[in-house]
Amino acid sequence: MSNQASTLFDKVWDAHVVRKIEDGPDVFFIDRHFIHEVTSPVAFLGLETRGIGVMYPERTFATADHNTPTINQHLPVQDPLSANQLKALEANAAKYGISHWGLGHARNGIVHVVGPENGITLPGMTIVCGDSHTSTHGAFGAIAFGIGTSEVEMVLSSQCIMQPKPKKMRVNVNGKLGKGVTPKDVTLYIISKLTTAGATGYFVEYAGDVFENMSMEGRMTVCNMSIEMGARGGMIAPDETTFAYINGREQAPKGEKWDKALAYWKTLKTDEGAVFDKEYNFDAADIEPMITYGTNPGMGQGITRAIPTSDQVEGGKATYDKSLNYMGFHENENMLGKKIDYVFIGSCTNGRIEDFRAFASIVKGRKKADNVTAWIVPGSHIVEAQIKEEGILDILTEAGFELRQPGCSACLAMNDDKIPAGKYAVSTSNRNFEGRQGPGARTLLASPLVAAAAAVTGVVTDPRTLL
């Protein structure tokens, strides 16, 4: 071993390289493989065609989430494609001895919510899933990234993947966040500065006091959206906050195994003097509650600002005009006061208990605006139970909101929760591309606080005025 200073990313990556291919990718071992109903059926079909099995079924975890309904989950699923995919996941999991949390299972929920909350996601691991927001798990000091269907088949059959090693970037945010500024605002701010392509080819480490002071749930929100600036993934060094979160969870190490794991986890940090290919520094004081106004997550700004003109943004006038035209917005318009139709709180970005606590902090003692349809969707049954136990459901009900059942819901137009064409949705999810939440839907990405402020006023509102 050389005494050269290493980054957190190097330490985890290098520990998982099975074989280096000269001038080619690394053969890379995978500790945890999450699968869901959408990207796994074709992979299993490939195994069957080739007559091979799943190498380590105990390292694979299946849950149903993407195209599941979020009401009446006890009834048969109406959409035939969704029903077939759910049946295929259940059958494949049974055939290959994979643990399966289907609809109605007490631990069912969104793949990137159930992994951490059950202690399956641990520091120093490599984690993949046929889903681009797998980078969520990087909040634990894991290397986690999304893979394609053919790669899902590769991991099922060999527990390895062929992967070129990405370059390294560090994003430092220091200082104290202002009132009403959440982890979602931090990540939207970084993406607005770096653009949606700014981290292409890189794996990002988030460092500085802002991330050190964040809860695990906040860190998951940040790492979740790494992919939205083009990064392969994002990660945060594990610390006492991480260890306290994991300790005692169902599948976390126990007893002597815990002590041994903890000793290793404490080595997972970037050494003094380690070099990154690129580094950025931001000041927490510059970040205010954010909202997007365009059709990619980089088209975001502080909620009090006016929409920029085309000469202030990258990407060219034609593209910018097309985006604003789709949204029905104009240059120099204020976002504050814009009428909205839908509010969605949930998704693998903001479907955890802290997100609902934040939402309830603004909703409490107020009423849902008459013009707003709100979809309140927990990320898992465990989160749903917490919402009820903590009295948040009572606050929501009193204010005129209804709680739905767990699932990806209105993050993507793959289930019944679609935003109608031309309607505006303030969404706590991660993507605002054209048609992402339904054909013609117009999405404004925001934090749970901004979503709550819009839900009770019916317009884009600065949540700081309601806190």
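Treat the numbers as computed from the prediction; the structure is a model and nothing was measured.
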task = Count the heavy atoms belonging to other residues, nucleotides or ligands that lie under 6.0 Å from CD of Gln73, then report whether that count exceeds 12.
result = yes
ask   = Side-chain contact, heavy-atom cut-off 4.5 Å: Ser409 with Phe344?
value = yes
request  = For the residue pair Pro406 and Val377, establish whether any side-chain heavy-atom pair is separated by less than 4.5 Å.
outcome  = no
message = To the closest 0.5 Å, what do you measure between CG (Leu47) and CD (Glu153)?
response = 5.0 Å
task = Taking atom NZ of Lys193 as the centre, report whether more than 12 heavy atoms of other residues, nucleotides or ligands fall under 6.0 Å from it.
result = no
request  = Evaluate the side-chain proximity of Phe34 to Ile127: yes if any heavy-atom separation is below 4.5 Å, no if none is.
outcome  = yes
key: Within 6.0 angstrom of Glu390 CD, more than 12 heavy atoms from elsewhere   = yes
ask   = Knowing that exactly one of Phe282, Tyr280, Phe211 qualifies, which makes a ring pair (Phe, Tyr, Trp, His ring centres under 6.0 Å) with Tyr206?
value = Phe211
inquiry  = The test is side chain to side chain donor-acceptor pair (under 3.5 Å); show your working for Asp239 and Thr242 and say whether it passes.
reply    = CA-CA 5 Å; Asp239 57 14; Thr242 322; 3.1 Å; yes
query = Does atom CD of Gln251 have more than 12 heavy-atom neighbours from other groups under 6.0 Å away?
reply = yes
message = Please verify the inter-ring angle class for His66 with His36; under 30° counts as parallel, over 60° as perpendicular, anything in between as tilted.
response = parallel
ask   = Side chains of Ser215 and Glu354: do they bring a donor and an acceptor to under 3.5 Å?
value = yes
query = Looking at Phe359, does the NZ or CZ of Arg357 lie under 6.0 angstrom from its six-membered ring centre and within 45 degrees of the ring axis?
reply = no
ask   = CD of Glu279: more than 12 outside heavy atoms within 6.0 angstrom?
value = yes
query = So, the side chain of Asp185 versus the backbone of Met290: is there a donor-acceptor pair under 3.5 Å, distance only?
reply = yes
ask   = Would you say Thr461's side chain and Pro463's backbone share a donor-acceptor pair under 3.5 angstrom?
value = no
task = Answer whether the closest heavy-atom distance between the side chains of Tyr202 and Arg232 falls below 4.5 Å.
result = no
query = Can the ring centres of Phe61 and Trp101 be said to be less than 6.0 Å apart?
reply = no
ask   = For Thr136, which of Asn224, Thr221, Thr349 qualifies under side chain to side chain donor-acceptor pair (under 3.5 Å)?
value = Asn224
message = Check the orientation of Phe29 and His16. Use parallel for under 30°, tilted for 30 to 60°, and perpendicular for over 60°.
response = parallel
Donor-acceptor pair between Gln437 and Arg431 side chains, under 3.5 angstrom = no
ask   = How long is the gap from OG on Ser447 to CG on Asn350, to the nearest 0.5 Å?
value = 7.5 Å
key: Exceeds 12 heavy-atom contacts within 6.0 angstrom, atom NZ of Lys260   = no
key: Side-chain donor-acceptor contact under 3.5 Å, Thr304 with Glu288   = yes
query = Does the side chain of Glu384 come within less than 4.5 Å of Leu403's, by heavy atoms?
reply = yes
inquiry  = Working to the nearest 0.5 angstrom, can you tell me the gap between Arg59 CZ and Ile98 CD1?
reply    = 13.5 Å
key: Between Thr7 and Glu205: side-chain donor-acceptor atoms closer than 3.5 Å   = no
message = Donor-acceptor pair, distance only, cut-off 3.5 Å: does the side chain of Thr270 make one with the backbone of Leu8?
response = yes
Basic-acidic side-chain contact under 4.0 Å: Lys20, Asp26 = yes
query = Quick check: does any side chain N or O of Thr68 sit under 3.5 Å from a backbone N or O of Ala64, one acting as donor and the other as acceptor?
reply = no
ask   = If we only count heavy atoms from C-beta on, is the Phe145 to His137 side-chain gap below 4.5 Å?
value = no
ask   = Between atom CD1 of Ile387 and atom CG of Asp394, what is the distance when rounded to the nearest 0.5 Å?
value = 12.0 Å
N/O donor-acceptor pair under 3.5 Å between Asn296 side chain and Met299 backbone = yes
key: Lys368 side chain reached by Phe401 side chain, heavy atoms, under 4.5 Å   = yes
message = Given 3.5 Å as the limit, does a donor-acceptor pair link the side chain of Asp271 with the main chain of Ser6, or not?
response = yes
Min side-chain heavy-atom separation Thr60-Pro57 under 4.5 Å = no
query = Asn174 side chain to Asp209 main-chain N or O, any donor-acceptor pair under 3.5 Å?
reply = yes
inquiry  = Looking at Thr267, is its backbone amide N or carbonyl O close enough to the side chain of Lys11 to form a donor-acceptor pair, meaning the two atoms are under 3.5 Å apart?
reply    = yes
key: Glu250: partners by side-chain contact (heavy atoms from CB on, under 4.5 Å), with sequence neighbours left out   = Arg107, Asn118
Salt bridge flag under 4.0 Å for residues Lys184 and Asp355 = no
inquiry  = Has Ser135 got a side-chain atom pairing as donor or acceptor with Cys223's backbone, closer than 3.5 angstrom?
reply    = yes
